[in-house]
Structure formats: structure tokens, C-alpha cells
Amino acid sequence: MAQEAIRRALQAVLAEMGAPVENIVLERPRDPTHGDLATNVAMTQARTLGRAPRAIAEEIARRLDLQAAGVTGVEVAGPGFLNFRLSHGSVASALPGILEADPSYGRSGTGAGESVIVEWVSANPTGPLHPGHGRQAALGDAISTLLEWTGWKVHREYYYNDSGKQMENLAWSVWARYQQELGEAAEIPEGGYQGEYVREIARAYRDEAGDAFRADDSPAALDRMRAFAVRLLRAEQDRDLGDFRVRFDHYFLESSLYETGAVERTVERLRETGLVYEQDGATWLKTTEFGDDKDRVMLRSDGTATYFLPDVAYHMDKWDRGFHHAINVQGSDHHGTVARVRAGVQSLGVPAGYPEYVLHQMVRVEREGRELKFSKRAGSYLTLRELFEEVGVDVTRYFFLMRKPEGHLVFDLDVALDHSEKNPVYKIQYAHARMHAIFRKAGVEPLAIRPQDAPLARLSHELERDLVQRLADFPQLVEKSAELRAPHLVCDYLEQLAGAVNSWYHAGNPSRNPEMAVLVDDPGLRQARLVLSRSIQIVLRNGLNLLGITAPERMERDPDLEDEPSDAGS
RNA sequence: GCGCCUGUAGCUCAGCUGGAUAGAGCAACGGACUUCUAAUCCGUAGGUCGGUGGUUCGAGUCCACCCAGGCGCGCCA
């Protein structure tokens with residue numbers, strides 16, 4: 001491609017001038033008057049060459065011979081930029097590769113087939129999932145897919161915190177509601193769960209067990225209720241995530257770490273390091289040795305493990321399973337665990353910085369500018385299901401992904417429910433559906449569109465050149481988003497692309513501007529524009545699918561809105 | 001008090017690891033328009049990038065200190 005040819009030519013010239021550069025930055029300037037590609041090498045090499053940037057740039061421009069790369073002009077501009085202008089044909093030469101790669105356009109092999117385990121959601125099975133979990137679900141899934149697209153072998157894992165004190169609270173909450181169902185006086189204890197769903201579980205339990213456990217608060221009775229509640233809640237969480245189109249390769253139960261003896265083994269291994277000591281009746285690990293700000297209790301004075309211990313055991317298990325790259329997606333309210341988990345595994349010989357964390361901030365759902373936090377089922381919070389059933393899975397996923405993880409997320413229900421192009425999801429999906437509308441109108445199957453005999457150099461309009469270059473940027477964008485674990489960059493890219501697509505599409509409104517329409521009479525131009533349309537459709541689809549969002553071939557019109565031109569309310 | 005994150009247009013946010021005149025989308029204002037079926041399009045305006053100082057050819061981006069907000073600092077998870 002032109003870009004590579006220019007880069008090689010620049011490298012050759014710079015080497016001759018005595019300033020060999022390995023990584024030449026060659027990018028598309030924001031301002032189209034600055035050409036199609038620009039480089040700042042003259043400025044970065046000013047110091048080593050001991051000359052003024054502009055003088056260096058002038059010399060490079062004189063020495064370069066770029067006819068072969070389809071460069072029609074080189075200019076020196078600003079403080080010492082070199083701006084390149086490409087021929088129409090050179091720009092458009094990116095298109096055939098897009099059609100050829102089709103579903104895999106945007107994939108690359110930088111991960112080199114290495115394994116990585118991505119862990120996310122990892123909720124307590126103590127209630128329905130809330131929007132914060134949803135953000136995490138969408139993020140973990142999108143990051144996993146991005147890694148797959150860049151050549152990683154990804155293992156998706158969900159860690160159920162199904163032991164510990166929260167489970168006790170759950171058991172007592174169900175117990176209390178069960179007693180109430182039987183007409184007994186009982187109250188949910190301090191720290192217990194008040195949501196309506198606890199009553200549902202209690203009722204289901206009564207239906208199954210009858211009144212066999214009336215007034216029975218024996219450990220055995222509570223144990224049965226806990227197990228029953230966890231089974232129902234896990235099933236519900238799995239169903240919610242499944243309907244949210246998030247799947248895992250493996251569900252890892254915290255309780256299994258006790259059953260298999262992994263926790264005990266971890267205690268032994270930690271003791272062997274000599275970093276374990278007793279104090280105040282508890283057993284501590286000297287995590288400060290590895291950068292934690294205080295040492296941590298691993299065994300309480302009653303001999304039971306704190307949550308820290310299974311966390312270490314779990315991450316050692318990941319490492320021992322051969323996952324030497326691990327990414328944990330968690331809410332930023334858990335960032336306090338980062339240093340201690342790393343210190344724990346590091347004390348057992350795992351390299352520093354394992355695992356990697358993507359921490360995200362909370363979600364605030366708003367309607368008409370006010371926070372929405374009431375839920376019938378969960379009581380104190382809105383559930384994820386309530387959210388995606390109201391606005392749809394596509395919109396919900398996109399909204400969760402469109403902000404960088406470490407920033408706060410305001411989920412604006414008014415925008416989410418808007419079906420016009422004000423809603424970025426619909427804007428992108430419309431653009432995609434429009435390309436299909438063109439194919440239908442033209443009577444061609446998308447797969448039958450071939451670039452070979454199309455005169456692509458005729459895609460000479462500014463809007464078309466811009467579109468092609470955006471499409472050509474897609475693989476690099478995917479790579480960058482994967483490296484930075486930043487799906488929001490894909491959202492941003494798609495929205496910008498959709499905007500450019502829609503401008504181009506509307507510019508070709510046959511009633512106004514028939515010569516700009518895709519389906520012009522001129523068969524060559526028509527063929528070239530169909531190739532462009534097909535390329536657009538591929539990139540939009542691949543980008544949406546990457547985020548777990550559908551790319552419809554036609555948009556369904558909501559019958560309720562048919563006769564309501566402005567605001568149908570709800 | 002200490003640690004992490006955030007602060008960019010009226011609002012919600014991007015900003016390609018230091019580059020050219022800081023960008024989108026809503027909202028506002030001014031014009032067009034009903035299609036290549038599909039809930040519009042084009043244009044305009046809008047900024048001391050939280051503040052101060054520093055690093056250098058060049059800082060929204062890097063460093064230091066301050067201000068504001070969020071989260072965390074348990075023998076809770």
C-alpha cells in the first residue's frame with residue numbers, strides 16, 4: 001500500500017542523510033488541506049542532524065521519489081511537516097482488500113496466538129445484576145473480542161463469589177422471609193437483603209420444602225436455604241447475561257477452591273516463603289514486601305480464611321493453568337484489592353504486575369435529568385434486565401461501551417429510547433441498513449459485488465476519498481483499541497464513520513444531486529460506488545459485531561410511531 | 001490524613017502515548033428538504049483544555065504543587 005511504500009522511501013532517504021529512523025510516524029492529518037498523509041520526522045530528527053526542521057524537510061522532499069507509491073505531491077508545511085497527496089487510484093486501492101477479507105477485515109495477528117484469561121462480572125450470587133454489572137459485562141466481552149481480533153487466544157471466565165459472609169446474610173434473609181411465609185415472626189437481619197426477589201426465593205422454597213423448617217435455625221437448615229437461594233440466583237444471573245448476549249467459557253466457583261483444597265495448599269505455599277507471621281491471634285502475609293501499603297490478614301483468629309486467600313489461590317490457579325496473561329475487569333470500588341492480590345501471587349513467584357486490571361467507574365441511569373434507582377424486584381437498585389428490556393440490548397451495550405472505562409457513565413434513558421439519529425446506535429445501524437437498501441435497489445447480492453473490474457480511481461470526490469481512508473484505518477483502530485483495552489474508541493470511530501457515510505449518502509439524494517448517487521447511470525462509476533458501499537457495510541458490520549451489537553440489513557419501523565410525526569411519548 | 005480515578009464548548013464526551021488553527025454528538029441560531037423506503041440535510045456560532053509553575057523547537061497530553069468531585073483505605077467481598 002501507499003503508506004508502506006512512503007514509509008520505506010522515507011527510511012531510505014533518512015538513512016542516506018545520516019539519521020536512520022525505525023518507527024516513522026505517518027498519519028492522516030485532521031485537516032484535509034494538509035494532504036492525505038503527513039509525517040513529522042523532519043522535526044523529530046532536527047536534534048540528531050543539528051539542522052532546522054524545515055531545512056531537513058525540504059531536503060527529504062527533494063530526494064524522495066514516490067511516483068510508484070501513487071504520490072502526486074509532497075509539500076513542506078508548518079514547523080516542518082511533510083505532507084503527501086495521493087492519487088485517487090492510490091487512495092481507493094484499499095477497497096479490494098476489504099471485500100476480500102470481508103468478515104475478517106480488521107483482524108490482525110499481533111497477539112501471536114498467546115493465551116490470555118479475561119475475568120469479569122464476578123458478582124456475589126446475592127441478587128439480580130445491576131447496571132454496573134452490565135457495564136462490566138459489556139466491557140469484558142468487548143475487550144475479549146478485541147483481543148481475539150488481534151490474535152490472542154482468549155479464555156472468558158466468570159468468578160462466582162459464592163462463599164463468605166455475604167452468603168450468610170443471604171441465607172438469613174431467605175430464612176426470615178420463609179418464616180414469614182409460614183406466618184412466623186422473623187426479621188431480616190442487619191446487612192441482609194431486602195429486595196422482593198428474596199421473598200420470591202422464600203416462596204419457591206416453601207413450595208418445595210413445605211413447612212419442614214418452621215422455626216428451624218439450625219446450621220443444616222440455613223445451609224439448605226443458602227444452597228437453594230444460590231442456585232436460583234445463579235440461574236437468574238446466567239439468564240440475564242445470556243439475554244444480554246454475554247457468554248463465558250467457564251464459571252469458576254469460589255467455593256470450589258475450598259472443596260479442592262486449593263486454599264489450604266495456598267496457605268502452605270505462602271508459609272514456605274517465610275513471609276507469613278502470627279499477630280493478634282491472626283495469620284498475616286507480609287504483602288508490604290511487594291508494594292502493598294499494609295500487611296494483610298489471610299487467616300482470621302478463628303482460623304477461617306479472609307477473602308484475600310481464595311483470591312490469591314484463584315489467581316495462582318489461573319497462572320498454573322498456563323495463563324501467563326490475565327486481565328481482570330472490575331469496578332473501581334475494588335481497586336483496593338489490586339495491590340494485595342498482586343503482592344500475594346508475587347510472593348509465590350509470579351512476576352510483578354500480574355494480573356492486569358481494567359477498573360471501571362459506576363453507572364448512573366438518568367431520566368429527564370434525574371437519577372433512576374428504584375426497582376420493584378431489587379428494591380434499592382435498578383436491575384440490568386429492567387434496563388435492557390426497556391431500551392434493547394444493542395443500545396444498552398453500546399451505551400455501556402461508549403465511554404472510557406475509568407470515567408463515570410451517565411446512562412441517559414431519554415437518548416437511549418430515542419430512535420432517531422440522535423441516538424448513536426441507531427445512527428450507525430441506519431448507515432449500515434442504508435447500504436443494504438442500496439444493494440436491494442440495485443438488485444445485487446452484496447457477495448456478488450466484485451472490485452476487480454471497477455474503475456475505483458473514479459472515486460474522486462472529497463467525501464469518497466475521506467470515506468475510503470476511514471475504512472482503511474479500521475484495522476489499526478482495532479489494534480489500538482485492543483492494546484489500550486478501550487472499546488470506546490471503536491464506538492467513537494463507528495459514530496464518526498456513520499456520520500461520514502450519512503453525509504455521502506444524503507449528498508447523493510437523487511432528487512437533488514443525482515450525479516452523486518451510488519446508483520448513477522454511468523455504469524463504471526456505479527460499479528465503483530457499489531464497491532465503496534459494500535466496503536462501508538463490511539466495516540460497519542464488523543465494528544458493531546465486535547461490540548456485540550447487531551448490524552441489521554433493514555431497520556424495523558415501530559408501528560406506534562407510524563402516525564406520530566414528532567413525539568409519541570411512552 | 002494516605003492511595004487510585006476524574007476535571008476539555010451550555011450538556012454528554014473524544015483527543016491516535018509530545019505535533020499544525022483543540023474535535024464529535026446533542027442543545028442554540030440561520031437556511032434548505034421528503035429520498036438510493038426508513039424516524040432529515042447543509043451551514044454558523046460556541047474554549048484562559050480546573051489553577052499555578054516547570055521540562056523543550058512545540059504541552060490538553062510529561063513533571064511538581066494546589067483546587068473540586070468520585071471511590072477506596074476491616075480479622076467485609
Side-chain angles (χ1 to χ4, degrees), chain A residues 25 27-31 34 38 40 43-44 46-47 52-53 77-81 83 122-124 126 161 163-167 169 191 254 280-284 293-294 296-302 304-308 310-311 331-339 359-362 369 402-410 412 415 418-424 426-427 430 433-435 437-442 473 476-477 480 484 488-489 491-493 495-496 499 502-503 505-512 514 517-520 529 533 554-558 561-562 564-566 568:
Chain A
V25 179
E27 49 192 15
R28 203 149 65 81
R30 286 249 180 263
D31 185 342
H34 293 143
N40 61 354
M43 276 131 65
T44 60
R47 190 181 296 275
F81 286 98
N83 294 339
S122 301
N124 296 319
T126 54
N161 295 120
S163 25
K165 201 146 238 157
Q166 300 308 322
M167 291 298 107
N169 291 338
E254 180 186 0
D280 305 329
T283 306
W284 300 66
D293 51 7
K294 54 181 82 164
R296 303 295 166 179
V297 172
M298 44 188 267
L299 292 171
R300 301 187 186 95
S301 35
D302 66 1
T304 59
T306 61
Y307 69 89
F308 166 62
D311 268 359
S332 60
D333 54 335
H334 286 74
H335 81 254
T337 67
V338 173
L359 300 177
H360 66 89
Q361 302 236 39
M362 296 296 110
M402 70 182 176
R403 306 300 179 212
K404 61 179 171 221
E406 62 272 27
H408 293 271
L409 175 66
V410 175
D412 188 335
V415 177
D418 191 327
H419 282 220
S420 79
E421 289 188 16
K422 283 177 200 163
N423 184 330
Y426 288 105
K427 177 176 171 178
Y430 281 132
R434 279 186 179 122
M435 297 305 104
I438 291 171
F439 304 149
R440 283 193 296 274
K441 178 83 175 178
D473 286 341
Q476 275 181 41
L477 171 98
K480 194 176 81 185
L484 299 176
H488 72 282
L489 298 178
C491 294
D492 211 50
Y493 169 85
E495 196 182 341
Q496 300 294 324
N502 290 334
S503 293
Y505 174 86
H506 287 293
N509 184 331
S511 71
R512 225 180 313 164
V518 173
L519 303 179
V520 286
R529 285 182 179 159
S533 305
R554 61 175 78 221
M555 299 296 279
E556 297 305 326
R557 182 173 264 255
D558 185 343
L561 296 174
E562 204 62 76
E564 303 283 338
S566 55

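Within every chain, numbering begins at 1; the chains are lettered A, B, ... in the order of the sequence lines, protein sequences first and strands thereafter. Keep in mind that what you see is a predicted model, and the values were worked out from it rather than measured.
- Taking 4.0 angstrom as the limit, A:R296 places none of its side-chain polar atoms (N or O) nearer than this to OP1 or OP2 of B:rC76.
- In this model, the phosphate group of B:rA38 is not approached by any side-chain N or O of A:K441 to a distance below 4.0 Å at OP1 or OP2.
- In terms of polar N and O atoms assigned as donor or acceptor, the side chain of A:T306 never comes within less than 3.5 Å of the base of B:rC75 in a complementary pairing.
- Once the 5.5 Å centre distance and the 30° plane angle are applied, the aromatic ring of A:H34 is found stacked with the base of B:rA20.
- The interatomic distance linking A:H335 (NE2) with B:rC71 (P) rounds to 12 Å, in whole Å.
- Contact annotation: A:H408 does not reach the phosphate of B:rC13 (side-chain N/O to OP1 or OP2, under 4.0 Å).
- Candidate nucleotides B:rC13, B:rA39, B:rC76 were compared by shortest atom distance to the side chain of A:Y430, and B:rA39 ranks first.
- At a cut-off of 3.5 angstrom, counting only N and O atoms as typed in the model, there is a donor on one side and an acceptor on the other between the side-chain of A:N40 and the base of B:rG19.
- The aromatic ring of A:Y307 does not stack onto the base of B:rC76, failing the criterion of a centre distance under 5.5 Å from the six-membered base ring together with planes under 30° apart.
- Per the stacking criterion (ring centres < 5.5 Å, plane angle < 30°), A:F81 does not stack onto the base of B:rG19.
- Rounding to whole angstrom units, CZ of residue A:R554 and P of B:rU37 are separated by 11 Å.
- The gap from the P atom of B:rG60 to that of B:rA20 amounts to 9 Å, rounded to the nearest Å.
- In this structure, A:Y426 does not reach the B:rU40 phosphate: none of its side-chain N or O atoms is under 4.0 Å from OP1 or OP2.
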> Can you give one letter per nucleotide of nucleotides 24-29 of chain B, 5' to 3': B if a protein heavy atom sits under 4.0 Å from the base, S if only from the sugar-phosphate, - if neither?
Replying inline: SSSS--
